[in-house]
Amino acid sequence: MSTLSTGHPTTAELHAKFAIDDVVRVVDAASEFPVVEIDNAWASVRIAVHGGQVLSYQPHDEAPVLWVSDTAAYVHGKSVRGGIPICWPWFGVHPDPAMPSHGFARNLFWQLIAVKQDEDGCTEVLLCLEDDEQSRLLWPHAFQLQLKVSVGKTLSLALTMVNSAEESVELTAALHSYFDVGDIARTSVRGLDGVEYIDALQDSRRFTQSGNVQFDAELDRIYQQTSGDEFIDDQLRGRLIHLQKSRSDSTVVWNPWIEKSAGMNDFVEGGYRRMVCVETGNMGADLVRLATGASHTLGVTISVQRLRDN
Ligand code: BG6
């Protein structure tokens, strides 16, 4: 079997193995960067095999739900700026500055395991990442990570982490979801009223949210103990993006605003106005402890509710 220079199956091979007539194909988003493209009865979705990263989700008759920077780079070794990068097995900056921020799962090439179409017209894609020499240099544990993406009336992601090591492990994780909004100044996040958060911009001090989360400057917070539903209220587009979490106790809300986004070369100029990250995860005091052989599935189901016609 021919392989990419990285030792993985080629895009043509993945297409030959996993394509489904009129619904699923595997194409290159850039050189050696295979993407599973789904266009079924409900929606169009693109998933990069690198990083197991969902890149786009657009229900038919809706504007895109996920944001991707127009200047994003599609290269191996780093995540694409936008979509849903997977932060694992740690979230945020590592105490050792030589280690990658947000873990390594988003920076590695995953395996495409299966693509299925069920009788209701829903499509399911399964991807997997296992420890290898490269991952063990960064995190010395055996593991299996599986991402199941289901595309139907809603978009669901289920990230299952299995501890295959002989020791127990502690980890933090996030489905680092970038949502596309009409105008950040007219966007709010509902469902976090009264919740305690760690403010990354104020020396990680703790505060309590009062009302909906609104945006008029850089914002970077970890909300703790958040198992309820969340809604992104996009006034300009007249829609709510509904997030139903599963086995997630933390939510990160992030917008880099003007200065920080200008410092990121893969963040299109002015892009901060058109996005907000509301990340489903477990971090801070909500970290996950896994005994040998134990597993945990972190999940989110995303759907759109119209407040008024387009
Ligand atoms: C968010 C963090 O989750 O990710 C921010 O809360 C961080 O602090 C942002 O800046 C982006 O991180 P990165 O590594 O993808 O640039």
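Since this is a predicted model, take the numbers as computed values, not measurements. Indexing begins at 1, ligand by ligand and atom by atom, following the structure's order.
D234 contributes a side-chain N or O that, together with a main-chain N or O of G182, makes up a donor-acceptor pair within less than 3.5 Å. Counting only distance, with no hydrogens or angles, the side chain of H50 and the backbone of V35 share no donor-acceptor pair below 3.5 Å. When atom types are taken as modelled, the side chain of N212 and the backbone of G191 share no donor-acceptor pair closer than 3.5 angstrom.
Minimum heavy-atom separation, L219 to Q214: CD1-O, 3.7 Å. For V68 against G83, the heavy-atom pair with the smallest separation is CG2-N, 3.7 Å. In plain terms, the two heavy atoms of N163 and A291 that are nearest each other are ND2-O, 3.2 Å.
Residue R221 places every heavy atom at 4.0 Å or more from ligand 1. The closest approach between a heavy atom of C277 and any atom of ligand 1 is not below 4.0 Å.
The E279 neighbourhood of ligand 1 comprises atoms 1 (C), 3 (O), with distances under 4.0 Å to a heavy atom of that residue. Heavy-atom proximity to F91, at under 4.0 Å, picks out these atoms of ligand 1: 3 (O), 6 (O). Near K260, the atoms of ligand 1 lying under 4.0 angstrom from a non-hydrogen atom of the residue are 10 (O). If you number the atoms of ligand 1 from 1 as listed, the ones under 4.0 Å from a heavy atom of R106 come out as 13 (P), 14 (O), 15 (O). Those atoms of ligand 1 with a heavy atom of S101 less than 4.0 angstrom away are 14 (O). Applying the 4.0 Å criterion to heavy atoms of H176 picks out, from ligand 1, the atoms 1 (C), 3 (O), 4 (O), 9 (C), 11 (C). Of all the atoms in ligand 1, the ones that sit under 4.0 Å from a non-hydrogen atom of D220 are 2 (C), 5 (C), 6 (O), 8 (O).
Summary of contacts: the protein heavy atom closest to atom 13 (P) of ligand 1 is R81 NH1, 3.7 Å. For atom 11 (C) of ligand 1, the closest non-hydrogen atom of the protein is W254 CH2, 3.5 Å.
With a heavy-atom cut-off of 4.0 Å, K78 does not touch ligand 1 at all.
A cation-pi contact links R221 to Y197, judged by a cut-off of 6.0 Å to the six-membered ring centre and 45° from its axis.
Listed by chain and number, the residues in a side-chain contact (heavy atoms from CB on, under 4.5 Å) with D132 are Q134, S135 (sequence neighbours excluded).
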